[in-house]
Protein chains: 2
Amino acid sequence: MDKPIDLVIVDSVLDAIADQRLRAGTKLGEQALSDLFGANRALVRRALAQLTAYQVVDHLPNRGAFVATPTPDDARNVFQARRAIEATICRNAVRQADEADLADLRAHLAAEAAAHGDNRPSAVRLSRQFHLLLARVGRNPVLSRYLEELVMRSSLIIGLYAARQGVLCAEDDHSRIVDAIAARDEALALRLLDQHLRQIEAGVRFGDVPPVTGALSAMLQRPGE
Amino acid sequence: MDKPIDLVIVDSVLDAIADQRLRAGTKLGEQALSDLFGANRALVRRALAQLTAYQVVDHLPNRGAFVATPTPDDARNVFQARRAIEATICRNAVRQADEADLADLRAHLAAEAAAHGDNRPSAVRLSRQFHLLLARVGRNPVLSRYLEELVMRSSLIIGLYAARQGVLCAEDDHSRIVDAIAARDEALALRLLDQHLRQIEAGVRFGDVPPVTGALSAMLQRPGE
DNA sequence: GTAACATAAATTGTTAACAATTTTAAGAAC
DNA sequence: GTTCTTAAAATTGTTAACAATTTATGTTAC
């Protein structure tokens with residue numbers, strides 16, 4: 001159970017970014033992380049290098065590591081990449097999903113429905129994880145890994161630029177996609193997913209970027225389910 | 001001109017892998033790399049971490065870093081990902097290529113023709129770089145980065161499993177793709193590219209994996225153009 | 001000759017101290 | 001009060017020494 005400490009740091013930061021607790025531009029100081037996770041500086045450094053490779057952290061020489069601030073161009077490119085990759089993932093899912101996969105997807109939809117309105121951070125997290133679950137059903141780890149990174153960057157973009165409301169994926173979209181997959185209707189599933197992604201992208205409004213404030217420790221603390 | 005030494009190491013290794021001088025399974029010892037590049041061990045370590053993130057190096061705890069050995073499953077997944085990503089790249093290229101881009105592509109074709117038969121390592125390198133050039137024309141750095149990684153892994157797969165002949169992309173394929181792009185014939189360009197990639201994949205024959213031998217220094221030495 | 005075991009060498013992993021750079025703060029000049 | 005200069009503090013970057021693990025070597029028993 002005790003996985004490498006540097007992976008714990010990476011996961012915590014990614015989780016915090018995905019949940020929009022860590023905002024773009026936040027400084028990730030080595031000492032601060034070192035204290036928070038009880039790891040020595042070399043491990044923190046390794047974790048930050050991995051996050052930099054994922055493109056969710058910018059590393060400025062002699063200045064330190066900061067949560068990346070995606071540009072509008074980045075946003076367009078990230079969403080185009082998601083459409084390309086998730087289309088193939090979706091096609092795989094339609095062709096390969098077995099009963100167990102469909103049960104998993106439906107269970108996830110139920111969890112989303114339960115969290116909707118009830119618990120906002122949890123709802124956002126589930127909404128995001130739906131796409132990763134779909135990737136798992138697609139059974140191509142190469143594409144899954146890319147999608148993980150893209151979902152992360154999407155969260156960062158949405159956190160930076162999204163109009164206050166309408167951030168959530170309509171859960172209805174997700175359930176209709178699952179229905180199409182269960183019906184083995186490839187064309188429909190692909191169309192619904194593409195529309196869904198375009199709708200999310202349409203929700204971002206570039207402009208004012210509010211400044212960063214607050215303590216790192218609070219941001220990395222995961223709120224209760 | 002003097003870029004960070006760890007990037008030099010990463011690029012050298014990637015180049016050697018792509019050119020099939022570094023074979024799968026080769027051990028990349030820290031001391032050996034340290035001596036070869038005149039860098040201290042910390043920098044070598046950082047370079048190896050980046051290569052691990054690119055999935056072209058496997059890191060075994062307390063054992064060291066080895067050039068990855070892709071499985072047949074990996075191969076299938078990598079090539080499917082390539083088809084998905086390069087299709088979108090190609091569509092972008094058809095829509096956005098300007099005269100300068102087309103000139104670049106044609107110049108590259110000429111270089112490929114010149115190296116064909118003449119100089120084998122150079123021909124392989126150019127053949128591989130064609131796909132990266134296409135990605136640049138597509139103007140989506142996110143997709144370009146993924147393709148870079150996939151091309152690398154493809155080279156590794158081809159180096160491991162390819163039937164001795166037929167490794168090279170038919171240069172004819174490349175030139176017909178450029179023609180289709182110049183003619184703004186999206187459907188044709190997509191079909192040609194997809195066929196091209198499937199043909200490359202069809203050239204790999206899983207089976208005997210010859211053992212690794214030889215000195216690291218020789219493998220990292222780049223043969224003359 | 002082979003197998004098992006013990007020892008030595010080599011390699012990776014970790015830690016801490018030191019150097020270089022940047023950021024912050026304080027003080028003087030205007 | 002603002003701005004420039006200077007010093008202090010904090011942070012990042014680098015290096016080297018030490019610890020732990022694995023690999024190689026050599027010896028002994030059978």
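Letters go in sequence order (proteins before strands), and every chain restarts at 1. Fair warning: this is a prediction, and the values are worked out from it, not measured in the lab.
Applying the 4.0 Å criterion to OP1 and OP2 of D:dG13, one finds that A:His59 has a side-chain N or O inside that range. Neither OP1 nor OP2 of D:dA10 sits under 4.0 Å from any side-chain N or O of A:Lys27.
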Self-check item: Protein-to-nucleotide contact annotation, 5' to 3' order, nucleotides 18-25 of chain C [B base; S sugar-phosphate only; - none; under 4.0 Å, heavy atom]
Solution: ---SSS--
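Between A:Asn77 and B:Leu143, every side-chain heavy-atom pair lies at or beyond the 4.5 Å cut-off.
The backbone N or O of B:Asp19 lies less than 3.5 Å from no partner atom in the side chain of B:Arg21, so there is not a single donor-acceptor pair.
Note: CG (A:Asp6) to P (C:dT14) measures 9 Å, nearest angstrom. Counting to the nearest Å, the C1' atom of D:dA24 and the CD atom of B:Gln31 are 17 Å from each other. The distance between atom CG of B:Leu60 and atom C1' of D:dT22, rounded to the nearest whole Å, is 12 Å.
Heavy atoms from other residues, nucleotides or ligands lying under 6.0 Å from CZ of B:Arg136 number 12 at most.
Residue B:Glu201 is tested with B:Arg76, B:Arg82, B:Arg83 for a salt bridge (Lys or Arg N to Asp or Glu O under 4.0 Å); the sole match is B:Arg83.
Picking from D:dG13, C:dT14, C:dT11 the nucleotide with the shortest atom distance to the side chain of A:Arg46 gives C:dT14.
Nearest heavy atoms, A:Ile17 versus A:Met152: CG2-O, 4.3 Å.
Between B:His196 and B:His131, the ring planes are parallel. Angles under 30° get that label, and only those over 60° would be called perpendicular.
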